[in-house]
Asker: 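Quick one: the structure is below, and I'll ask about it shortly.
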Amino acid sequence: MRVLVKLFNCDQTATDGSRIPRSVVEAYLNSPKYKESIEKGMVNGGITHENRVLPEESGLKGTIGRDDNMLRCDNITHVVESIYLDGDDVMAVARILDESSMDAGSAEKIKKLKGLIGNGVLLPISAVISAYWSANEIAEELVAIKGMDFTMNPSFSGAGVLKVVEE
């Protein structure tokens, strides 16, 4: 299943007060970093942000990278195949992974995701962005659009699945 997703709008402020100008997005999308991350399938995500931060009680802080927790907790459900600008909207096409080739924990999350979307639930998303920010919370340079997570708490108003583009 492939879905068309709105990640954010360049003129809109995120729920945390930050904003990412169009020129900053354009520079990132034209960079070798973007092309490499898409080619390698490194722009991905899961259900909620539950695995983006290591819990204190895990004893793993300082041992593994923050994003490695996604692998450790079986929460990669999709891969972003492309990101592009449509006016001031930053759009993405995401491929939800084939559950038959995944471990049991991941497969259950993938089935849930496909079931919800297949039943017409246009889930919101939260973009996972690494950037250099000004004192006014304006992105000056995108280091990476690391991914997007399906969540009931979108990072930007209107961010989420717009339609299924392939079953």
Side-chain angles (χ1 to χ4, degrees), residues 1-29 31 33-35 37-53 66-67 69-71 73-99 102 105-131 133 137-139 142-167:
M1 175 183 281
R2 283 183 171 76
V3 293
L4 177 65
V5 176
K6 178 179 170 182
L7 293 176
F8 58 90
N9 180 285
C10 296
D11 286 334
Q12 188 179 17
T13 303
T15 56
D16 67 0
S18 63
R19 190 173 65 80
I20 307 168
R22 180 184 170 90
S23 60
V24 172
V25 174
E26 286 174 335
Y28 177 71
L29 293 179
S31 74
K33 287 189 288 189
Y34 163 74
K35 289 172 183 58
S37 65
I38 291 293
E39 286 171 7
K40 291 184 174 183
M42 298 307 297
V43 183
N44 51 55
I47 296 177
T48 78
H49 284 320
E50 74 176 317
N51 303 116
R52 294 286 177 182
V53 178
R66 289 179 1 166
D67 294 327
N69 208 33
M70 293 287 291
L71 293 171
C73 294
D74 307 327
N75 194 26
I76 297 178
T77 59
H78 57 279
V79 174
V80 174
E81 296 183 325
S82 65
I83 301 172
Y84 62 93
L85 281 158
D86 181 9
D88 286 327
D89 289 333
V90 181
M91 309 296 288
V93 174
R95 176 176 43 89
I96 300 172
L97 300 174
D98 176 7
E99 66 274 11
M102 302 297 286
S106 296
E108 289 305 310
K109 289 177 181 176
I110 292 165
K111 284 193 262 183
K112 178 187 292 187
L113 190 55
K114 285 181 175 179
L116 288 167
I117 294 170
N119 280 293
V121 178
L122 301 178
L123 290 167
I125 63 97
S126 182
V128 182
I129 295 169
S130 177
W133 302 94
E137 295 297 318
I138 306 289
L142 281 177
V143 175
I145 298 177
K146 291 184 170 192
M148 57 168 232
D149 293 329
F150 292 97
T151 175
M152 299 310 280
N153 299 295
S155 52
F156 288 82
S157 178
V161 176
L162 299 179
K163 66 180 181 178
V164 175
V165 293
E166 182 181 297
E167 288 292 331

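Given the structure is predicted, the values throughout are model-derived calculations rather than measurements. Position 1 is the first residue of the sequence; numbering continues from there.
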Asker: Pair Val90, Cys10 - check side chain to side chain contact (heavy atoms under 4.5 Å, CB included), show working.
Answerer: CA-CA 7 Å; Val90 181; Cys10 296; 3.8 Å; yes
Asker: Is it true that Arg22 and Glu26 have a side-chain N and a carboxylate O under 4.0 angstrom from each other?
Answerer: yes
Asker: In Å and rounded to the nearest 0.5 Å, what is the NZ to CD1 distance from Lys111 to Ile96?
Answerer: 14.5 Å
Asker: Apply side chain to side chain contact (heavy atoms under 4.5 Å, CB included) to His78 and Met148, showing your working.
Answerer: CA-CA 9 Å; His78 57 279; Met148 57 168 232; 3.8 Å; yes
Asker: For Ile47, is there any backbone N or O sitting under 3.5 Å from a side-chain donor or acceptor partner on Asn75?
Answerer: yes
Asker: Which heavy atom of Ile138 sits nearest a heavy atom of Pro21, and at what distance?
Answerer: CG2-CG, 3.6 Å
Asker: Would you tell me whether Asp16 and Ser18 have side-chain atoms, one donor and one acceptor, within less than 3.5 Å of each other?
Answerer: yes
Asker: Distance-only criterion, 3.5 Å: show the donor-acceptor pairs between side-chain atoms of residues 156-167 and protein atoms not counting sequence neighbours.
Answerer:
residue	atom	partner	partner atom	Å
Glu166	OE2	Arg2	NH1	2.8

Asker: To the nearest 0.5 Å, what is the distance between CG on Asp89 and CG on Asn9?
Answerer: 4.5 Å
Asker: Give, for atom CE of Met91 and atom CZ of Phe8, the distance between the pair rounded to the nearest 0.5 Å.
Answerer: 11.5 Å
Asker: Distance check, rounded to the nearest 0.5 Å: Tyr28 atom OH versus Lys35 atom NZ?
Answerer: 10.0 Å
Asker: Considering only distance and modelled atom types, tabulate donor-acceptor pairs under 3.5 Å from the side chains of residues 112-124, sequence neighbours left out.
Answerer:
residue	atom	partner	partner atom	Å
Lys114	NZ	Leu97	O	3.3
Lys114	NZ	Glu99	OE1	2.8
Asn119	ND2	Gly115	O	2.7

Asker: I'd like to know if the side chain of Ser155 and the backbone of Ala127 have a donor-acceptor N/O pair within less than 3.5 Å.
Answerer: yes
Asker: Between CD1 of Ile110 and CG of Asp98, what distance do you get to the nearest 0.5 Å?
Answerer: 7.5 Å
Asker: Mind checking the CD-CD1 spacing from Glu137 to Ile20? Nearest 0.5 Å is all I need.
Answerer: 11.0 Å
Asker: Closest heavy-atom contact between Gly41 and Val79?
Answerer: CA-CG1, 3.9 Å
Asker: Given 3.5 Å as the limit, does a donor-acceptor pair link the side chain of Asp149 with the main chain of Gly46, or not?
Answerer: yes
